[in-house]
Amino acid sequence: MNFWETITGSDITREWKTFETRAAALPADYQAAWEKIKVHLSSYSDFTGRNLVPILDGALGLLQETASEGQSVHEVLGDDIEGFCAALAGGEGAPSYRDRWREQLNRNVARKLGQLGG
Amino acid sequence: MDDLTEMLKGTLEGCVLEIIGSEEIYGYAITRRLNELGFVDVIEGTVYTILLRLEKNGLVQVTKRPSEVGPPRKFYALNDAGRAELATFWAKWEYISSRINKLREGGE
Amino acid sequence: MGIQDIIEGKKQWRAHMARVKALPRDYQIVYREMQRYFFKVGPVGLADGSLLSGILDFFEEGVVAGKGVLELIGNDVAAFCDDLVKDSRTYADIYQESISGEPGTAEK
């Protein structure tokens with residue numbers, strides 16, 4: 001059974017449909033990123049779809065929240081969407097990716113507070 | 001005294017437990033107590049993460065009370081499990097400090 | 001208040017974000033960056049809303065106390081975030097357990 005059959009062939013179909021509804025409302029560059037995220041996460045095919053749902057939920061939430069602030073998708077995900085997905089799923093390389101998220105967080109805070117002039 | 005942060009790390013939770021054990025108190029007041037005690041580098045955020053853990057581990061009883069100046073405040077009191085944890089902390093503290101003092105005095 | 005509620009603009013979430021917008025600018029900036037970080041890390045406390053609303057309560061008290069946000073939580077915002085979710089599991093943990101076939105989870 002492949003990723004999509006796992007996802008769609010079970011009781012989580014309904015949840016999956018709401019994901020697609022949410023994604024459809026995103027700006028185009030965000031939608032493209034969402035498609036890539038799905039492809040990369042599908043390489044983690046050895047899972048029970050149920051456990052991946054919250055991870056997809058979080059990723060989509062992140063996209064929606066950032067889109068609503070009018071930022072570019074690149075600012076959120078960077079260049080390495082594959083690495084980003086591995087980190088989301090907690091796979092190999094996740095610790096170093098989390099370090100990058102940490103640095104990104106502190107850098108963004110410093111920059112934005114700096115712009116505030118405070 | 002500067003730069004106590006690292007050394008204080010493992011004992012700060014015990015200090016917070018002791019403060020809560022002596023009176024029902026809210027987070028910012030706990031930080032103030034620690035600052036007045038001489039731990040001037042302890043910040044509210046650190047105390048907040050400790051309180052969150054104490055709450056999650058079921059060691060404190062939390063009550064929201066209205067405040068005159070702002071949003072309601074969360075007040076913390078020890079429950080039985082918290083009192084047991086505090087006793088354990090002091091027992092460990094006794095042990096560690098007696099050993100270290102002994103080391104310093106050159107004893108065995 | 002799950003992530004779903006957040007996104008679909010449920011009443012609770014709108015009320016939550018209205019409180020965020022009422023914070024001073026420096027608090028708003030830090031809150032939003034923290035929230036974004038938590039969306040990536042995926043701690044389970046995110047789904048029931050306790051994590052984010054707790055932070056907001058804590059920040060509102062800081063505003064009343066007249067403190068700047070970094071004065072409150074320190075310059076290393078990421079360290080503060082990690083401390084907040086230190087012993088809480090993440091969705092990635094749950095997923096990893098499910099594929100490694102640990103006891104009590106799905107068979108490999």
Side-chain angles (χ1 to χ4, degrees), chain B residues 2-6 8-17 20 24-36 39-76 81-82 85, chain C residues 15-24 26-27 29-31 33-35 37-38 41 43-90 93:
Chain B
D2 284 341
D3 221 9
L4 293 172
T5 314
E6 273 308 310
L8 203 53
K9 220 171 229 172
T11 51
L12 207 51
E13 183 172 315
C15 297
V16 170
L17 280 170
I20 297 173
E24 193 190 49
I25 190 168
Y26 63 97
Y28 281 64
I30 296 172
T31 311
R32 222 160 31 232
R33 283 287 298 277
L34 288 165
N35 293 158
E36 284 162 7
F39 300 146
V40 290
D41 290 336
V42 173
I43 53 176
E44 285 82 358
T46 306
V47 172
Y48 178 68
T49 60
I50 291 173
L51 290 172
L52 206 63
R53 259 198 312 280
L54 296 179
E55 187 177 354
K56 207 182 292 175
N57 295 333
L59 302 174
V60 289
Q61 192 191 321
V62 186
T63 319
K64 264 197 176 178
R65 299 188 195 285
S67 152
E68 285 148 31
V69 288
R73 286 175 174 147
K74 281 168 105 175
F75 279 78
Y76 296 82
E85 184 71 21
Chain C
H16 179 80
M17 287 315 286
R19 282 171 62 196
V20 171
K21 287 191 187 112
L23 292 170
D26 60 330
Y27 278 85
I29 287 168
V30 171
Y31 174 87
E33 293 298 329
M34 284 174 64
Q35 178 170 286
Y37 179 71
F38 285 133
V41 175
V44 293
L46 204 54
D48 62 22
S50 60
L51 177 65
L52 295 178
S53 60
I55 293 168
L56 191 48
D57 288 343
F58 173 66
F59 276 11
E60 285 176 343
E61 271 193 75
V63 175
V64 171
K67 298 231 169 189
V69 66
L70 293 187
E71 218 182 324
L72 201 67
I73 63 172
N75 286 320
D76 193 344
V77 179
F80 176 65
C81 289
D82 286 343
D83 231 11
L84 284 175
V85 297
K86 197 160 78 180
D87 38 32
S88 93
R89 296 204 305 160
T90 66
D93 294 335

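Predicted model, so just to flag it, every value in this text is computed and none were measured. Below, chains carry the letters A, B, ... as their sequence lines are ordered, and counting in each starts from 1.
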> Between B:G27, B:P71, B:G70, which has the largest tally of heavy atom pairs under 4.5 Å with chain C?
Replying inline: B:P71

> When only heavy atoms count and the cut-off is under 4.5 Å, which of residues 49-60 of chain B reach chain C?
Replying inline: B:T49, B:L52, B:R53, B:K56

> Counting only heavy atoms not in C:E60, do more than 12 sit closer than 6.0 Å to its CD atom?
Replying inline: yes

> Tell me, which pairs form a ring pair (Phe, Tyr, Trp, His ring centres under 6.0 Å) where one or both residues lie in residues 49-79 of chain C, sequence neighbours left out?
Replying inline: B:Y28-C:F58, B:Y48-C:F58, C:Y27-C:F59

>> Checking C:Y31 now: which residues fulfil ring-ring contact (aromatic ring centres under 6.0 Å, His included) with it, not counting sequence neighbours?
In response: C:H16

>> Show me the pairs that pass salt bridge (Lys or Arg N to Asp or Glu O under 4.0 Å) and involve residues 39-52 of chain B, at least two apart or across chains.
In response: B:E44-C:K67

>> Under a 4.5 Å cutoff for heavy-atom pairs, which residue among C:V85, C:I73, C:D83 has the most contacts with chain B?
In response: C:D83

> Do you know which of C:V63, C:I55, C:D57, C:V64 has the most heavy-atom pairs with chain B at a distance under 4.5 angstrom?
Replying inline: C:V64

